[in-house]
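Nothing here was measured: the structure is a model prediction, and the numbers come from that model. The basis for the numbers below is simple: all heavy atoms, side chains too, and nothing from hydrogens, waters or symmetry mates.
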Amino acid sequence: MSVLCLDLGGTKLMLAQVEGKTLLDTWRYPVPADGNFEQLFDFLVTCIHSHLTPETYGISIGIPGMVDMQSGTLLEVINIPALTATQLAQQLQNTFEMDVVVNNDANLFALGEAVLNSNQDMLGITLGTGVGAGVIFNGQLYSGKHCAAGEIGSLSYRDGIIEHYCSGQYFTTHHQMSGEHLYQKACEGDSQALQAFAHFGEHLAHMIAQTLLVYDPKDIILGGSVSQSFPFFIEALKQKLQSLVYGPQLTDLTISASQHHNAALIGAAQWFLQQKDSAK
């Protein structure tokens with residue numbers, strides 16, 4: 001028996017049949033993020049229907065936003081606005097006649113990392129179209145009442161919010177090219193690309209400094225598409241962080257890039273199982 005897991009982002013949808021900690025199959029689709037709710041719902045239904053099997057006994061979805069954990073209402077989906085204030089899980093449950101659960105995508109990324117690495121005290125930070133974080137305390141996911149415990153991307157920073165400077169948005173806004181393009185240029189040794197990632201690392205240091213003051217974790221694991229550029233910004237991040245944070249907080253802190261491309265899908269399966277267990 002497996003769980004069909006979805007990791008829904010602002011630009012792509014990842015799906016997988018997951019059994020325990022094992023991904024049986026994975027698929028990727030571009031997301032019509034500017035569509036209305038009916039278009040997005042039809043898109044999800046088509047994708048799900050294509051990959052349901054007789055062994056599928058539930059659906060688990062990670063979304064880039066906040067969720068009312070009591071009602072299941074999607075409260076704010078920043079990069080897919082048409083999903084805000086909808087009952088997505090309930091409507092999918094009615095359509096497919098099987099249990100559907102939903103949680104914040106960064107929460108599920110952190111939960112997946114915790115399961116895969118046996119982490120007990122960590123932050124899982126996603127750097128992609130936006131910025132999010134999942135909080136693990138004593139081996140358990142802490143979401144808060146509205147899945148907002150890790151919404152660090154919306155914290156004020158400079159002339160906007162942290163997400164503007166610590167996600168893929170930073171590269172398109174301040175360097176007029178995608179993070180992926182800059183990554184390729186950095187791999188070729190391009191000095192301007194390398195400098196762009198150094199500046200990104202400094203902005204990221206300000207974000208991490210604030211999270212250290214709030215959560216004081218032992219480990220921070222970075223995921224999302226931008227984390228592939230980790231080698232190009234980690235030194236600038238560490239150097240800047242030393243000037244922003246009380247020294248002892250850095251002594252035992254580890255900051256690393258995820259080694260698991262689909263940790264959020266593993267976390268989605270784990271979340272589904274936890275919800276089923278709590279309902280017994």
Side-chain angles (χ1 to χ4, degrees), residues 1-9 13-28 44-45 47-74 87-126 132-150 219 221 223 258-280:
M1 302 294 284
S2 62
V3 181
L4 182 61
C5 297
L6 288 72
D7 182 14
L8 179 61
L13 169 69
M14 294 295 299
L15 294 92
Q17 288 285 356
V18 183
E19 187 173 317
K21 299 180 184 179
T22 303
L23 275 68
L24 305 179
D25 293 290
T26 60
W27 304 273
R28 174 175 173 162
L44 291 172
V45 167
C47 293
I48 291 170
H49 188 267
S50 297
H51 302 297
L52 286 177
T53 71
E55 289 72 37
T56 305
Y57 69 104
I59 299 169
S60 184
I61 307 173
I63 60 100
M66 294 184 289
V67 182
D68 185 311
M69 300 307 291
Q70 295 298 317
S71 68
T73 303
L74 308 189
Q87 293 275 344
L88 179 64
Q90 185 61 54
Q91 290 183 244
L92 288 172
Q93 188 164 303
N94 294 341
T95 299
F96 291 102
E97 298 182 338
M98 64 174 60
D99 290 333
V100 180
V101 299
V102 63
N103 203 320
N104 173 268
D105 56 354
N107 284 344
L108 298 182
F109 165 73
L111 183 58
E113 288 289 339
V115 168
L116 291 166
N117 300 311
S118 300
N119 290 90
Q120 296 293 307
D121 179 19
M122 61 161 281
L123 286 180
I125 299 178
T126 55
V135 185
I136 303 294
F137 286 142
N138 297 322
Q140 299 296 315
L141 175 66
Y142 176 72
S143 301
K145 183 178 179 181
H146 304 108
C147 274
D219 301 303
I221 301 179
S258 172
Q259 301 301 305
H260 308 286
H261 294 301
N262 294 304
L265 295 170
I266 300 295
Q270 184 68 22
W271 177 250
F272 181 89
L273 295 175
Q274 289 180 3
Q275 296 304 104
K276 291 290 288 183
D277 287 343
S278 66
K280 291 180 179 179

Next item on the list: Tell me, please, which residues at least two apart from E113 pass side-chain contact (heavy atoms from CB on, under 4.5 Å).
Entry: F109, N117, M122, I221, S258, H260, A263
Report all side-chain donor-acceptor pairs from residues 91-98 shorter than 3.5 Å, counting only partners two or more places apart or in another chain.
unit_1, atom_1, unit_2, atom_2, d
Q93, OE1, V100, N, 3.2
N94, OD1, Q90, NE2, 3.0
N94, ND2, Q90, O, 3.3
T95, OG1, Q91, O, 2.9

Check: Under 3.5 Å, is there a donor-acceptor pair between the side chain of N104 and the main chain of C147?
Finding: no
Item checked: From CG (N103) to CD (Q275), nearest 0.5 Å -> 7.5 Å
Margin query: A side-chain contact here means heavy atoms from C-beta on lying under 4.5 Å apart; do T56 and Q17 qualify?
Written below: yes
Next item on the list: Please list, chain by chain and in numerical order, all residues satisfying side-chain contact (heavy atoms from CB on, under 4.5 Å) with L273, sequence neighbours excluded.
Entry: Y57
Check: Taking the side chain as C-beta and beyond, is there a heavy-atom pair between L108 and L265 under 4.5 Å?
Finding: no
Margin query: Taking salt bridge (charged side-chain N to carboxylate O under 4.0 Å, His left out) as the definition, give me every residue that meets it alongside D219, ordered by chain and number, with sequence neighbours left out.
Written below: none
Note to self: Do I59 and D99 make a side-chain contact, defined as non-hydrogen atoms from C-beta onward lying under 4.5 Å apart?
What the structure shows: no
Note to self: Could you tell me if the side chain of T26 sits less than 4.5 Å from the side chain of N262, heavy atoms only?
What the structure shows: yes
Notebook entry, point to check: Is any side-chain heavy atom of W27 closer than 4.5 Å to a side-chain heavy atom of M14?
Noted result: no
Check: What distance do N107 atom CG and Y142 atom OH have between them, rounded to the nearest 0.5 Å?
Finding: 11.0 Å
Notebook entry, point to check: Could you give the distance from CD (Q120) to CD (Q140), rounded to the nearest 0.5 Å?
Noted result: 8.0 Å
Notebook entry, point to check: Can you list the steps and then say if Q259 with L116 is a side-chain contact (heavy atoms from CB on, under 4.5 Å)?
Noted result: CA-CA 10 Å; Q259 301 301 305; L116 291 166; over 6 Å; no
Next item on the list: Would you please name every residue forming a side-chain contact (heavy atoms from CB on, under 4.5 Å) with D105, sequence neighbours left out?
Entry: D7, P64
Next item on the list: With the side chain counted from C-beta on, respond yes when D25 and H51 share a heavy-atom pair under 4.5 Å apart, and no when they do not.
Entry: no
Notebook entry, point to check: Sequence neighbours excluded, which residues qualify as side-chain contact (heavy atoms from CB on, under 4.5 Å) partners of A133?
Noted result: I125, I152
Next item on the list: List the atom of G20, the atom of A269, and the distance in Å for their closest heavy-atom pair.
Entry: O-CB, 4.4 Å
Next item on the list: Check the pair E55, S2 against side chain to side chain donor-acceptor pair (under 3.5 Å), reporting the backbone distance first and the verdict last.
Entry: CA-CA 6 Å; E55 289 72 37; S2 62; over 6 Å; no
Next item on the list: Specify the closest pair of heavy atoms between G72 and V102, including all atoms of both residues, with the distance to one decimal.
Entry: O-CG1, 4.3 Å
Item checked: Least distance between heavy atoms, L111 atom then G267 atom -> CD2-O, 3.5 Å
Next item on the list: Output the distance between atom SG (C5) and atom CH2 (W271), rounded to the nearest 0.5 Å.
Entry: 13.5 Å
Notebook entry, point to check: Does the side chain of I136 come within less than 4.5 Å of N119's, by heavy atoms?
Noted result: no
Checklist line | For the student: nearest non-hydrogen atoms of G132 and A106, plus distance | finding: C-CB, 3.6 Å
Check: Taking C-beta and beyond as the side chain, do V67 and T73 meet within less than 4.5 Å on heavy atoms?
Finding: no
Notebook entry, point to check: Nearest 0.5 Å, what's the CG-CG distance between L15 and L52?
Noted result: 9.5 Å
Checklist line | Gap between atom CG of L6 and atom SG of C47 - 0.5 Å precision | finding: 7.5 Å
